Undergrad: 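The structure that follows is given in the form of structure tokens.
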Amino acid sequence: MSEDDARLRAVEMKQAVHEAQCLERQKQINFKLNLIIAGLGLLQFASMTGNSALDMIRRWLGAT
């Protein structure tokens, strides 16, 4: 029975590692998507205020 227990623990450990890796990857993807959404919002704001998107990006980045 201990051999079966060891196998079960090994499978559970592999599953836990896999779940942790998937969670970290999901966090990275969400962060990148949030950056894209923020950038699109910035471009939309620029168009609504009548500024060119490029000028708005330059101001946002601090370029002159």
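For clarity, every value in this text was computed on a predicted model and none was experimentally measured. If you read the sequence from its start, that first residue is 1, and numbering goes on from there.
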Undergrad: By side-chain contact (heavy atoms from CB on, under 4.5 Å), which residues pair with I29, not counting sequence neighbours?
TA: R25, L33
Undergrad: The criterion is side-chain contact (heavy atoms from CB on, under 4.5 Å); which residues satisfy it with Q15, sequence neighbours excluded?
TA: E19
Undergrad: Residues two or more places apart in sequence or in another chain: which of them pass salt bridge (charged side-chain N to carboxylate O under 4.0 Å, His left out) with R7?
TA: E3, D4
Undergrad: Atom CD of E12 and atom CG of D5: how far apart are they, to the nearest 0.5 Å?
TA: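 Those atoms lie 9.5 Å apart.
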Undergrad: If hydrophobic residues (ILVMFWY) are linked whenever their side-chain heavy atoms come closer than 4.5 Å, directly or via other members, who joins F31 in its cluster?
TA: L35
Undergrad: Can you name the residues that form a side-chain contact (heavy atoms from CB on, under 4.5 Å) with L23, not counting sequence neighbours?
TA: Q26, K27
